[in-house]
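Let me begin by presenting the structure, written as structure tokens, before commenting on it.
Note that the structure is predicted; figures quoted are calculated from it, not measured.
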Amino acid sequence: MTRLNGPPFAVNPDLVQRIDSAPDTILTLVDGTKYIVQETMHEVIERINEHRSRMIARAQEIQRDDEDTERHERSGRPDLRAAPTLPDDEPVALPVRRERHTELSLVTHLSEEDV
């Protein structure tokens with residue numbers, strides 16, 4: 001945030017109780033402290049939402065990393081992320097390839113009259 005008289009400062013967004021705009025933007029914290037800032041109410045709300053979004057995304061990233069680490073430590077296998085681990089290592093049956101010669105031979109025997 002930027003104070004009305006110029007110097008920037010940081011505010012813990014979790015402590016913001018209220019944002020007023022009359023006409024200057026006033027931040028009121030949960031302890032009653034008030035700050036007049038240059039940013040509009042909309043800008044303050046955007047910054048708070050952006051901060052919270054980053055915190056949630058980072059928490060999810062940390063949780064995924066922890067789960068991956070625990071899973072690989074339990075398995076005793078190295079952490080290879082090139083391909084997903086399948087639940088069962090059973091072979092997968094591949095589709096049988098049919099020969100197409102008979103279909104092609106029918107086409108070669110057609111005359112222009114038949115078409």
Side-chain angles (χ1 to χ4, degrees):
M1 308 278 51
T2 309
R3 293 182 192 270
L4 195 57
N5 59 4
F9 70 106
V11 174
N12 182 342
D14 295 328
L15 299 180
V16 175
Q17 181 182 29
R18 187 175 66 235
I19 305 168
D20 296 307
S21 181
D24 296 325
T25 307
I26 303 168
L27 304 181
T28 304
L29 305 186
V30 293
D31 66 355
T33 306
K34 294 181 186 263
Y35 294 102
I36 301 174
V37 297
Q38 290 181 7
E39 290 80 9
T40 65
M41 180 188 300
H42 181 72
E43 289 172 322
V44 173
I45 292 170
E46 280 183 3
R47 288 183 183 190
I48 290 172
N49 288 339
E50 181 180 324
H51 171 76
R52 289 189 177 147
S53 296
R54 283 195 314 263
M55 293 300 107
I56 290 170
R58 181 66 182 130
Q60 290 174 342
E61 181 180 310
I62 290 169
Q63 184 177 4
R64 275 193 310 271
D65 289 346
D66 290 346
E67 289 171 357
D68 289 346
T69 301
E70 288 176 16
R71 185 178 61 242
H72 291 292
E73 286 175 354
R74 278 186 268 124
S75 71
R77 290 185 267 173
D79 185 9
L80 302 175
R81 296 177 189 228
T85 305
L86 298 175
D88 297 324
D89 290 332
E90 296 178 16
V92 178
L94 297 175
V96 178
R97 189 172 182 189
R98 297 184 317 172
E99 294 295 327
R100 302 177 106 189
H101 298 294
T102 55
E103 296 167 342
L104 293 175
S105 64
L106 290 175
V107 173
T108 57
H109 293 303
L110 292 176
S111 65
E112 290 181 1
E113 298 171 359
D114 296 330
V115 179

### Minimum heavy-atom distance between R3 and Q38, given as atom pair plus value
O-NE2, 3.2 Å
### Within residues 4-57 or reaching into it, pairs that qualify as ring-ring contact (aromatic ring centres under 6.0 Å, His included) - sequence neighbours excluded
F9-Y35
## Note on the structure
For I45, the side chain to side chain contact (heavy atoms under 4.5 Å, CB included) test, sequence neighbours excluded, returns I19, M41, N49
### Task
Test side-chain contact (heavy atoms from CB on, under 4.5 Å) on D31 and L15 and set out the steps.
CA-CA 8 Å; D31 66 355; L15 299 180; over 6 Å; no
### Residues that, via side-chain heavy atoms closer than 4.5 angstrom, fall in one hydrophobic cluster with I26
L4, I36
### Message
Closer than 3.5 angstrom, by distance alone: can the side chain of Q17 be matched with the main-chain N or O of G32 as a donor-acceptor pair?
### Response
no
### Query
Rounded to the nearest 0.5 Å, how far does CZ of R18 lie from CG of L27?
10.5 Å
### Query
Which residues satisfy the salt bridge (charged side-chain N to carboxylate O under 4.0 Å, His left out) test with D14, sequence neighbours excluded?
R52
Side chains of residues 56-63: which donor-acceptor pairs under 3.5 Å do they make with residues two or more places apart or in other chains?
from: R58; atom 1: NH1; to: E61; atom 2: OE2; distance (Å): 2.7
from: Q63; atom 1: NE2; to: E67; atom 2: OE2; distance (Å): 3.4

### Task
Kindly determine whether E43 and M1 satisfy side-chain contact (heavy atoms from CB on, under 4.5 Å), including the steps that lead there.
CA-CA 10 Å; E43 289 172 322; M1 308 278 51; over 6 Å; no
### Query
Can you name the residues that form a salt bridge (charged side-chain N to carboxylate O under 4.0 Å, His left out) with E50, not counting sequence neighbours?
R54
